[in-house]
Amino acid sequence: MIKFDHNAKSIEDIVAVSQGEQVALSDSTDFIDRIKAGSDFLDRLLAEEGNIYGVTTGYGDSCTVTIPANLVKDLPQHLYTFHGCGLGELLPIPATRAVLAVRLQSLCQGVSGVSVDLLEQLTRLIQHDIVPLIPQEGSVGASGDLTPLSYVAAVLCGEREVFYKGDRRKTAEVFAELNIQPLTLRPKEGLAIMNGTAVMTAIAALAYKRAEYLAQLATRITALATLASKGNAHHFDEILFSVKPHPGQQQIASWLRDDLHAGEPPRNPQRLQDRYSLRCAPHVIGVLQDALPFMRQLIENEINSANDNPIIDGPGEHVLHGGHFYGGHIAFAMDSLKNAVANVADLLDRQMAMVVDPKFNHGLPANLSGAKGERRAINHGLKAVQIGASAWTAEALKLTMPASVFSRSTECHNQDKVSMGTIAARDCLRVITLTEQVAAGSLLAMCQGLELRFAQGDIAPDDVSASLHQLVNEVREYSAFIEEDRALEYELRGLCQAIEQRKFYCYG
Ligand SMILES: N[C@@H](Cc1ccc(O)cc1)C(=O)O
């Protein structure tokens, strides 16, 4: 159970909610007073001065338009209605639950001028697992995720559609069934829901966890690849890495040493220098590992921020106009993360290319085929999986073009510099999915390679660390050693799902 109030939430909290963890809204008087201070101040200001941006004016470039008093109450509904123009695929359900949690956390900071009723309604959606249908496209990520978040606003008010208990339903029907009253948005509340970075930030939180796991899994795959290709474990030597003090890179090298039991480096190693995809693995995966703490800081700061405009300082009685809906930090995090992750895809793809190729694999059969005798002639082992990995890697690399550099001036040049953070986040998630596919193919190849070494008597099973045996055993629950050709799609899909769900035990 995750309690929402003004206290900070971690990436892990958001991921837990995305996966179904239950939530509650704090009922502490301190918290409720904090929220009420903002909405009460807005009420007073409206009564006394009668002029607040986005409440009695049009939005964005239309802020010079004055709203007649009798139409002020209709304005929030117009905001989410005219933004109901999202296109593209729907956001998956877990990501949408994360969006709800991220927006709730931002509004809980108590500086968006919203009512406790609104926070309760948002909490109710998560509690009943009522998930708005949100089309993914149409946000420039700087006036917040206005268009996708309009779907959250509309659903809170009983409009548009939701997923509920596995079905796509009209929100109004589901609310009626559960006796939930549609919300009528108060002045400023439409803006408060929509004028922020919740969609890109939610996707970023999910991407972070998967990328963090990929750094570990790629390390363990590299250990298997080193054994399968008779590589030199002393490339990961402790003294060697002590003189290049990137902590993440050192961590990867240390994990590799543990997995490979590498002891004192021999004076005359048989193989002096492996190719870079083995020798420089800590230098490639290490970039991702070293980037993670900074990525976490960017994402968690955004989760715990008031990303809205205007900011309502209830106790101090200020309405502060700014640009906190601008998703530049998430855009940078996602543009950078996808680059670091795609490099890991490329590394694994190169390792696989080496291990399946009898010109480079130091004595393993072509394509790692496990077939025997004359049947070798018709069996092609992992040939097509390796071709697939090349395609998945190319697609991942192609998507590394930064989105943030494609800022367009939009909305009558009011939004003349925007973040494109949501596009960056969606690309990052796609790059991660493709890299997980490459990792799945690599797992098949490296487990097969190691077992072939056992069969050929090149390596004694007892000389291999328990951690690597455990990974091979776990992989074998999804896919057996390949002796005769078989169509591997469903086994690969199973492995991909297991990777996405972080099922294979890595380094704790
Ligand atoms: N994000 C804008 C408000 C806005 C809202 C909706 C729009 O369609 C455009 C602009 C601001 O706070 O300044």
Side-chain angles (χ1 to χ4, degrees), residues 38-39 41-42 45-46 51-67 71-88 99 102-103 106-107 109-114 118 132 134-157 159-160 185-201 302 305-313 318-331 404 407-423 425:
S39 52
F41 166 56
L42 269 188
L45 198 64
L46 200 55
N51 190 11
I52 308 174
Y53 163 72
V55 174
T56 59
T57 73
Y59 296 114
D61 182 62
S62 310
C63 68
T64 46
V65 175
T66 303
I67 310 295
L71 293 179
V72 163
K73 63 174 187 353
D74 295 341
L75 191 62
Q77 197 218 0
H78 274 256
L79 179 64
Y80 69 70
T81 302
F82 77 80
H83 270 287
C85 57
L87 290 180
V99 169
V102 169
R103 199 64 199 142
S106 179
L107 297 180
Q109 302 310 303
V111 289
S112 288
V114 301
L118 187 153
I134 304 182
Q136 297 195 17
E137 295 168 14
S139 169
V140 292
S143 215
D145 287 314
L146 287 167
T147 288
L149 288 174
S150 79
Y151 290 77
V152 175
V155 164
L156 291 169
C157 300
E159 298 180 27
R160 297 191 198 167
L185 295 178
R186 292 162 30 91
K188 167 77 199 346
E189 288 190 334
L191 261 187
I193 298 164
M194 292 166 49
N195 213 3
T197 57
V199 174
M200 68 176 87
T201 307
E302 194 73 24
S305 71
N307 43 91
D308 187 5
N309 181 58
I311 294 298
I312 309 298
D313 167 26
H318 300 109
V319 177
L320 304 162
H321 297 274
H324 284 359
F325 44 66
Y326 196 96
H329 286 74
I330 295 294
S404 63
S407 174
R408 332 274 319 126
S409 180
T410 191
E411 204 244 304
C412 306
H413 299 296
N414 175 44
Q415 302 178 29
D416 58 348
K417 175 79 183 112
V418 295
S419 81
M420 301 300 181
T422 314
I423 298 174

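Counting from 1, the numbers follow the sequence of the chain as shown. Each ligand, and each atom within it, is numbered from 1 in the order the structure gives. Side chains included, hydrogens not; waters and symmetry mates left out as well; all remaining heavy atoms used.
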In terms of atom number and element, which parts of ligand 1 are under 4.0 angstrom from non-hydrogen atoms of [X]?
X	answer
Asn309	11 (C), 12 (O), 13 (O)
His83	6 (C), 7 (C), 8 (O)
Phe82	8 (O)
Phe325	1 (N), 11 (C), 12 (O), 13 (O)

Decide whether the shortest distance between a heavy atom of [X] and an atom of ligand 1 is less than 4.0 Å.
X	answer
His321	no
Leu79	yes
Gln415	yes

ask   = Can you tell me the protein heavy atom closest to atom 5 (C) of ligand 1 and the distance?
value =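 Closest protein heavy atom to atom 5 (C) of ligand 1: Tyr59 CB, 3.7 Å.
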
task = Just need the protein heavy atom nearest to atom 3 (C) of ligand 1, so name the residue and atom and give the distance.
result =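 In this structure, atom 3 (C) of ligand 1 has Tyr53 OH, 3.0 Å as its nearest protein heavy atom.
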
query = Per the side-chain hydrogen bond (donor to acceptor under 3.5 Å, both in side chains) rule, which among Asn307, Thr197, Asp145, Asp308 passes with Arg103?
reply =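 It is Asn307, the one option of Asn307, Thr197, Asp145, Asp308 that forms the side-chain hydrogen bond (donor to acceptor under 3.5 Å, both in side chains) with Arg103.
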
Heavy-atom nearest option to atom 4 (C) of ligand 1, drawn from Gly323, Ser143, Gly322 =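 It is Ser143 that holds the nearest heavy atom.
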
ask   = For residues Thr201 and Glu302, is any side-chain donor paired with an opposing acceptor at under 3.5 Å?
value =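 The criterion, which ignores hydrogens and geometry beyond distance, is not satisfied for Glu302 and Thr201.
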
